[in-house]
Amino acid sequence: MPRLNKPIISHIMGVLLVCNGGFMLTAAGVSFYYDDGVTQDILAAALITMVIGGAGMLLTRGHKKEVKKRDGYLIVTLGWIFMALSGTLPYVLSGGIPSFTNAFFETMSGYTTTGASILNDIESVPKGLLFWRSLTHWIGGMGIIVLAIAILPLLGIGGMQLFAAEAPGPSADKLKPRITDTAKRLWFIYVGLTFAETILLYIAGMGLFDAVNHSLSTLSTGGFSTKNASLAYWNDNPLVQYIVILFMFLAGTNFVISYFGFKGNFSKVFKDEEFKWYSYFILGFTTIAALIIFFKADPSISSIEHPMVLGEFESAVRHGLFQVLAIVTTTGFVTADYTMWTTFLTVFFFGLFFLGGSAGSTAGGVKVMRHVIMIRNGLIEFKRTLHPNAVLPVHYNGKSISKKIVFNILGFFILYMLSFIIGAIVLASMGLDFETAIGGAASALGNIGPAFGDLGPVNNFDSLPPQGKWWCSFLMLIGRLELFTVLILLTPFFWRNR
């Protein structure tokens with residue numbers, strides 16, 4: 001066995017559980033305010049979580065305050081698992097989701113910001129549990145470990161190794177020299193945007209409770225809603241949907257770029273290649289979707305519960321833009337049953353499942369940066385074929401990219417596609433039809449939420465067999481932590497002494 005710093009790993013698990021218990025207390029406060037009958041159950045869940053976490057911290061006092069890279073990967077993976085396990089307690093103790101399998105699936109879907117749900121009647125769930133459900137999105141959005149990095153200095157522990165293992169995307173840009181300062185500034189932006197969206201949604205006519213929950217889900221690119229019809233519930237209020245569109249776009253943007261934008265350094269924003277391509281992709285894909293909806297979609301088709309007025313150009317553009325952004329940013333909100341918008345758009349949206357948002361955002365998926373670099377490397381391979389002795393590096397943001405990074409990105413994409421294929425095969429072996437199996441695997445791995453077939457926008461994941469829910473939970477985890485962080489733990493060389 002390698003020399004893992006087990007005391008520090010246990011200590012950090014304790015810190016995370018105490019923090020998770022603290023978040024549960026806020027859900028208990030919401031439950032108490034609305035008098036929904038589950039306040040004591042959520043309080044009990046918070047107490048159990050904090051006691052276990054506190055005991056873990058006390059028993060590992062005096063640990064060696066050093067986190068190596070190997071420890072970092074283990075801490076990140078175990079941290080998400082422990083948070084998900086403890087996060088099931090409010091559901092199980094209250095009876096809101098009595099099945100542990102279903103509760104774990106819902107919780108893992110929350111923390112990984114997937115948004116896939118097993119709840120058949122969301123609006124009947126107590127408000128305290130609905131708030132906790134949205135809060136798990138918000139916690140997972142910027143990363144449980146990034147949150148821990150902001151408070152670990154108080155314990156005298158450095159966090160660079162953790163940030164390298166957890167930071168979303170292939171790059172971990174730093175705003176300030178110290179990683180803790182970076183984490184704090186990212187959270188400041190995250191919290192500020194959440195408050196801003198809440199206020200705007202409330203002004204636009206959404207109730208305060210709904211506004212808070214949808215803001216928590218939007219900024220985390222999660223997708224949990226307080227309504228059975230998701231954002232289609234507000235199809236008669238376009239302003240609400242436009243506000244969500246704006247914040248989905250911001251949530252799918254690299255938060256470092258957002259920081260520069262808020263500082264007024266717009267030249268840095270518009271020179272960033274990923275931001276430009278992210279914007280181009282959204283614009284181009286929206287144009288295609290809107291035109292198909294306007295000219296081809298059947299006007300008699302309703303969107304979930306509230307009819308969408310087709311034939312009006314504004315409506316077609318709004319719904320096309322909303323659905324493109326919801327899928328590209330992996331938010332997963334829906335305003336319509338997009339599987340009914342012609343076969344072409346169904347296949348088109350399935351392709352978008354593999355795009356993803358920007359690196360350094362809360363979005364899941366492959367990420368725009370990786371696609372751009374892979375495409376450029378592919379084009380350069382044509383030149384290398386004709387000029388084998390030429391030095392032809394891949395350029396990105398005006399700089400040449402090292403072969404190591406290019407190989408890492410290519411390796412990630414191959415591993416991602418293999419994970420998708422294996423994921424779909426496993427689901428198909430459980431009796432799911434082809435469309436449902438590939439849709440469920442792509443959705444879980446990309447942290448998207450709604451899929452296709454029996455798991456489409458008008459359905460949920462409750463129809464999955466228990467083993468299917470556990471398998472999708474695993475896919476959500478490796479997808480959220482960018483494959484390597486989790487899968488490296490399954491390799492024998494990770495555990496060998498060096």
Side-chain angles (χ1 to χ4, degrees), residues 115 196-197 200-206 210-211 214-215 217-218 221 223 225 227-253 270 275-353 355-358 363 368 448-452 456-458:
E197 185 183 3
L200 289 175
L201 287 176
Y202 182 71
I203 293 173
M206 187 181 282
D210 293 330
H214 284 90
S215 297
S217 293
T218 304
T221 64
S225 176
K227 302 297 182 183
N228 294 325
S230 188
L231 265 292
Y233 184 87
W234 288 276
N235 273 350
D236 57 351
N237 189 343
L239 181 57
V240 164
Q241 295 180 352
Y242 279 122
I243 291 170
V244 174
I245 284 171
L246 170 63
F247 284 91
M248 281 197 293
F249 180 83
L250 292 174
T253 303
F270 296 120
F275 179 77
K276 287 192 291 186
W277 280 108
Y278 170 64
S279 302
Y280 294 155
F281 284 150
I282 297 299
L283 181 61
F285 297 147
T286 297
T287 301
I288 295 172
L291 290 175
I292 296 294
I293 293 171
F294 184 71
F295 288 109
K296 296 291 185 180
D298 185 351
S300 65
I301 295 174
S302 295
S303 68
I304 306 180
E305 291 181 1
H306 295 254
M308 183 186 74
V309 180
L310 294 173
E312 295 183 6
F313 189 69
E314 181 277 331
S315 178
V317 171
R318 171 163 45 92
H319 288 280
L321 175 59
F322 189 100
Q323 218 53 68
V324 166
L325 266 171
I327 293 176
V328 169
T329 64
T330 71
T331 305
F333 284 138
V334 293
T335 60
D337 183 0
Y338 51 78
T339 62
M340 302 298 289
W341 287 346
T342 75
T343 303
F344 173 83
L345 278 183
T346 299
V347 177
F348 179 74
F349 285 140
F350 178 71
L352 295 186
F353 273 33
L355 181 58
S358 304
V368 172
I448 294 164
F452 299 96
V458 297

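Residue numbers count from 1 along this sequence. Nothing here was measured: the structure is a model prediction, and the numbers come from that model.
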Fill in: Worked verdict on Phe275 versus Thr253 for side chain to side chain contact (heavy atoms under 4.5 Å, CB included)
CA-CA 7 Å; Phe275 179 77; Thr253 303; 3.7 Å; yes
Item to complete: Output, in order, the C-alpha distance, side-chain angles, deciding distance and verdict of side chain to side chain contact (heavy atoms under 4.5 Å, CB included) for Phe249 and Val328.
Response: CA-CA 9 Å; Phe249 180 83; Val328 169; over 6 Å; no
Item to complete: Go through Val334 and Gln323 one step at a time and tell me if the side chain to side chain contact (heavy atoms under 4.5 Å, CB included) criterion holds.
Response: CA-CA 6 Å; Val334 293; Gln323 218 53 68; 3.7 Å; yes
Discussion item. Walk me through whether Leu321 and Ile282 qualify under side chain to side chain contact (heavy atoms under 4.5 Å, CB included).
Written reply: CA-CA 8 Å; Leu321 175 59; Ile282 297 299; 3.9 Å; yes
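Nearest heavy-atom pair across Gly320 and Ala289 is CA-CB, 4.2 Å. Heavy-atom minimum distance, Trp234 versus Lys227: CH2-CG, 3.6 Å. Of all the heavy atoms in Ala363 and Thr329, the pair that sits closest is CB-O, 3.3 Å. Of all heavy-atom pairs between Ala326 and Met248, the closest is CA-SD, 3.8 Å. Nearest heavy atom pair, residue Ser215 against residue Ala211, reads OG-O, 2.8 Å. The two residues Phe349 and Phe452 make their nearest non-hydrogen contact at C-CZ, 4.3 Å.
Ring planes of Trp277 and Phe281: tilted class, angle from 30 to 60°.
A donor atom on one side chain and an acceptor atom on the other are found under 3.5 Å apart for Thr218 and Glu197.
For the atom pair CD (Glu312) and CD1 (Ile293), the distance works out to 13.0 Å, reported to the nearest 0.5 Å. In this structure, CG on Leu239 lies 10.0 Å from CZ on Arg318, to the nearest 0.5 angstrom. Between the NE2 atom in His214 and the CD1 atom in Ile243 there is a gap of 12.5 Å [rounded to 0.5 Å]. Note that the CZ atom of Phe285 and the OG1 atom of Thr287 stand 10.5 Å from one another [nearest 0.5 Å]. To the nearest 0.5 Å, atoms CG (Leu250) and OG1 (Thr221) are separated by 12.5 Å. Rounded to the nearest 0.5 angstrom, Leu325 CG and Phe247 CZ are separated by 13.0 Å.
Counted within 6.0 Å of OH on Tyr202, heavy atoms from surrounding residues, nucleotides or ligands total 12 or fewer; the atom is thus considered open. Annotation for Tyr242: atom OH counts as buried by contact number, over 12 foreign heavy atoms lying within 6.0 Å.
Proximity of Ile327 to Phe348: side-chain heavy atoms (C-beta onward) are nowhere separated by under 4.5 Å.
When each of Ser217, Pro457, Pro450 is tested with Phe333 by the rule side chain to side chain contact (heavy atoms under 4.5 Å, CB included), just one qualifies, namely Ser217.
One N or O on the side chain of Thr346 and one on the backbone of Thr342 form a donor-acceptor pair closer than 3.5 Å.
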